[in-house]
Amino acid sequence: MQHDRTSEGRIDALLARMTVEEKLGQLQQLAWNGDTGPGGGQNHLAEAAARKGVLGSVLNLHGAAHTNALQRIAVEESRLGVPLLFGFDVVHGFWTTFPIPLAQAAAFDPSVAVRDAEVSAAEARSNGVHWTFSPMMDVTHEPRWGRIAESSGEDPYLTAVLAAAKVRGYQGEDLADPRRVAACAKHFAGYGAVEGGRDYNTVDLSEQRLRNLHLPPFRAAVDAGAASVMAAFTTVGGVPAHAHPHLLTDVLKGEWGFDGVVVSDWGGVHELTVHGLAEDAADAARIAFGAGLDMEMASTHLADHGRELLDRGEFGAARLDDAVRRVLRLKFRLGLFERPYADEAAALGGPTPESRAAARRAAARCMVLLKNDGPVLPLAATVRSLAVLGPFADSADLHGTWSGPGEARFPAVTVLDGIRAAAPDAEVRHAAGGAEAVAAARAADAVVLVVGEPTAVSGEASSRADIGLPPGQEELIHAVAATGTHFAVVLVSGRPLTVEGWIDAAPAVLAAWHPGIEAGYAIADVLFGSVNPGGKLPVTLPRSVGQLPLYYNHENTGRPADPDRPDAPFVSSYLDTAHGPRFPFGHGLSYTEFEIGEPRLAAGTASVAELRAGAHVEVTVDVRNTGPRTGDEVVQLYVHDRAASIVQPVRRLRGFRRVTLAPNESAEVRFRLGADDLGFWTHDPAGRHTVEPGAIDVYAGGSSAARAHRTLTLTR
């Protein structure tokens, strides 16, 4: 990134005046009444350190009056008056909660991520927050992992597109804009590959798997201008990510030229001793700082031991100055030296009608219609009686994990309230479960049954060994099905759930995820058809937890299973369950029907040399709405390299476009495939991307199960 010469000169002047202790202080972030990890807040330490000028950042403090009070101490009472950087986890909303990131991925529409980030940034910055620890871009194949809720799912291409969009939404064109905040790409890297889906667990990845699956979203975020990157809690190949010079220095700062701040996760430096890498606190600081970490969150090992490490020659003055320069550079980009205080009169105190409307549109756009036999949906606006049943029918627990301070002050709209507003003339009965729910179902013309998992069982430190519905809910579905009344299941969750025990009994199922503050209204919009669902699954839905990890972009193996020959012996399959997922990546229905044609290639051959020089192959796909309603289809483009020096996945998503079509309307969707799309990264730790001659199958369709394809031949 090009640096502002004036700012760089001012940074040089500041560095020349700073003591070692003041420099080390800029690399310290303390928590204000923190509850994001072990231990309590560090309020007394933060105030004292700010006054001495030995504090760089504060975590978890918000509210313009509160941040200004602490900022005044740093700016007006410390020797050099360097302003503080206030950070906060603004993941999918501050006051106005949007759908969880996994749900946003289901929209297959980067504008959803942009709008969430824009609204969140404006609300947060007006309340004194400069820096958000988002977006999370950990690609994962593990729905047992609670943090899948914060991710964009299992695909690196989709995740990369959304990561770049979220960064642009947070940061805009100018970080000094009072409506913008600095983004943080997290968690670098491979955190989503934790063994068994258990949070903080071991990660072991080959170089090619790391580069082909886990690093592309981070590269996209860096290219989009992400101001910071956060290290992962986990080990990667036996080395904790907080102490991983290959990742933090060789790749991030070296190959990619990242000039922003590399920050630890909560207590991540301290945990190097728990991992068994560092002998003590000083050793942990030495290793992490030497690996490329710039700022320490919550633990204080670098501030406590940095001077002695420097005096012993464990790191040089140039390394210290580089880290401090990165922190000061971010503060200059945010305009904090010119405007250190938030405008208290302009602070936003809650959601606005406009932000609520944006959250409602986003939530409806993110929902996925998994099945719709009959069809049961959409419900008729003239329906006379409705039973709204289930444990989440009248629950406001719909914000989702990491929902910011807005969750406590502004309850989510319940599904019951949303349906009552959408059908004011209908008789609406409600029961959470049991005999009362069954009786209400029998007496109604139609039933909406709202089931799922609470917010508390997804997110950080919320891994589940069993990802089915909580006890009693599956039985309720079967009891309602036995009444014979038409019904639809609304599934609220922070992860993909196993549905095998009840999905065949439910004629219609709408995956609503955790939709945010306007949940009930958005769900009603889809149920009654004022919004035609167009979302697609950003993750594979397994038949059984025993299949995990299960993902669409897998390798073929030497003995692949054939779904058309379920009894074939000696193939890669299970004896006790059908092969493959219940619903594939990219699946999602609509209240209308679409026809997607075969992909058309502008040329059947392409030169590897020309592709490496920047050439592209044009691909065109026709899509037509063949049904009775206006609706959205997501045209998806996949590639498969038939034979390569490193075995390639059976499918790789390399393009998608969500289009809205009226009945009988057609559209021509164009894609471009270049070297990045047709090649892959090798095992070379120095980073080598290759494109090889051979046959590439190019698929187009409405999910990863698409069959229509053409073959592109790559020549030397």
Side-chain angles (χ1 to χ4, degrees), residues 96-99 103-104 106-109 111-112 115-116 351 353-372 374-388 392-394 398 412-428 430 444-450 486-492 507-536 588-594 625 627-634 658-665:
T96 308
T97 55
F98 280 68
Q104 292 184 34
F108 275 72
D109 178 1
S111 72
V112 170
R115 190 64 183 129
D116 163 34
E354 293 78 14
S355 69
R356 282 184 175 272
R360 179 173 177 170
R361 287 192 298 270
R365 198 161 179 79
C366 296
M367 293 179 194
V368 181
L369 185 62
L370 295 178
K371 63 178 296 190
N372 190 23
V376 171
L377 297 176
L379 298 172
T382 57
V383 64
R384 293 175 302 175
S385 64
L386 271 171
V388 185
F392 290 94
D394 195 26
L398 300 171
V413 177
T414 69
V415 179
L416 181 61
D417 285 344
I419 287 176
R420 282 176 170 158
D425 297 327
E427 179 186 1
V428 179
H430 165 253
D445 293 332
V447 172
V448 174
L449 179 53
V450 192
H486 290 299
F487 77 103
V489 170
V490 175
L491 186 62
V492 296
V509 181
L510 178 69
W513 315 102
H514 286 145
I517 193 169
E518 292 288 288
Y521 292 142
I523 288 171
D525 289 340
V526 174
L527 292 176
F528 285 93
S530 61
V531 173
N532 191 346
K536 301 282 187 173
L589 305 178
S590 169
Y591 297 151
T592 190
E593 301 290 334
F594 295 94
N625 184 343
R629 292 172 173 262
T630 297
D632 288 5
E633 177 61 297
V634 179
R658 183 164 175 164
V659 294
T660 303
L661 298 173
N664 207 39
E665 184 181 6

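Quick note: numbers below take in every heavy atom, side chains included, and nothing from hydrogens, waters or symmetry partners.
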(request) Evaluate side-chain contact (heavy atoms from CB on, under 4.5 Å) for Val490 paired with Phe392, printing each intermediate quantity in order. (result) CA-CA 9 Å; Val490 175; Phe392 290 94; over 6 Å; no

Working to the nearest 0.5 Å, report the span between [atom1] of [X] and [atom2] of [Y].
| X | Y | atom1 | atom2 | value |
| --- | --- | --- | --- | --- |
| Thr97 | Ile517 | OG1 | CD1 | 5.0 Å |
| Leu661 | Asp632 | CG | CG | 8.0 Å |
| Asp417 | Asp394 | CG | CG | 6.5 Å |
| Leu510 | Met367 | CG | CE | 6.0 Å |

(request) Check whether any side-chain heavy atom of Leu386 sits under 4.5 Å from a side-chain heavy atom of Leu379, and report yes or no. (result) yes

(message) Against Asp109, only a single residue in Arg365, Arg361, Arg115 fulfils salt bridge (charged side-chain N to carboxylate O under 4.0 Å, His left out); can you say which?
(response) Arg365

(request) Report the C-alpha distance between Glu593 and Glu633 in whole Å, list the side-chain angles of each, state the deciding distance to 0.1 Å, and finish with yes or no for side-chain contact (heavy atoms from CB on, under 4.5 Å). (result) CA-CA 9 Å; Glu593 301 290 334; Glu633 177 61 297; over 6 Å; no

Closest heavy-atom contact between [X] and [Y]?
| X | Y | answer |
| --- | --- | --- |
| Asn372 | Ala508 | OD1-CB, 3.7 Å |
| Ala412 | Gly516 | CB-O, 3.6 Å |
| Pro99 | Ala103 | CB-CB, 3.7 Å |
| Ala106 | Val368 | CB-CG2, 3.8 Å |
| Ala512 | Val492 | CB-CG1, 4.3 Å |
| Phe98 | Ser355 | CZ-O, 4.4 Å |

(request) Identify the residue among Leu377, Ile523, Ile419 that makes a side-chain contact (heavy atoms from CB on, under 4.5 Å) with Phe528. (result)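 Passing option: Ile419.
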
Got a donor-acceptor contact below 3.5 angstrom from the [X] side chain to the [Y] backbone?
| X | Y | result |
| --- | --- | --- |
| Ser530 | Asp525 | yes |
| Arg356 | Pro351 | no |
| Glu518 | Ala357 | no |
| Thr414 | Gly520 | no |
| Lys536 | Gly588 | yes |
| Trp513 | Cys366 | yes |

(message) For His430, I'd like to know if atom NE2 has over 12 heavy atoms of other residues, nucleotides or ligands within 6.0 Å.
(response)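 Correct, the count exceeds 12.
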
(request) Only counting residues at least two apart or in another chain, list the ones meeting side-chain contact (heavy atoms from CB on, under 4.5 Å) with Thr630. (result) Thr660, Ala662, Pro663

(request) Apply side-chain contact (heavy atoms from CB on, under 4.5 Å) to Arg629 and list each qualifying residue two or more places apart in sequence or on a separate chain. (result)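 Once residues adjacent in sequence are excluded, the partners of Arg629 under the side-chain contact (heavy atoms from CB on, under 4.5 Å) criterion are Pro378, Asn532, Tyr591, Thr592.
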
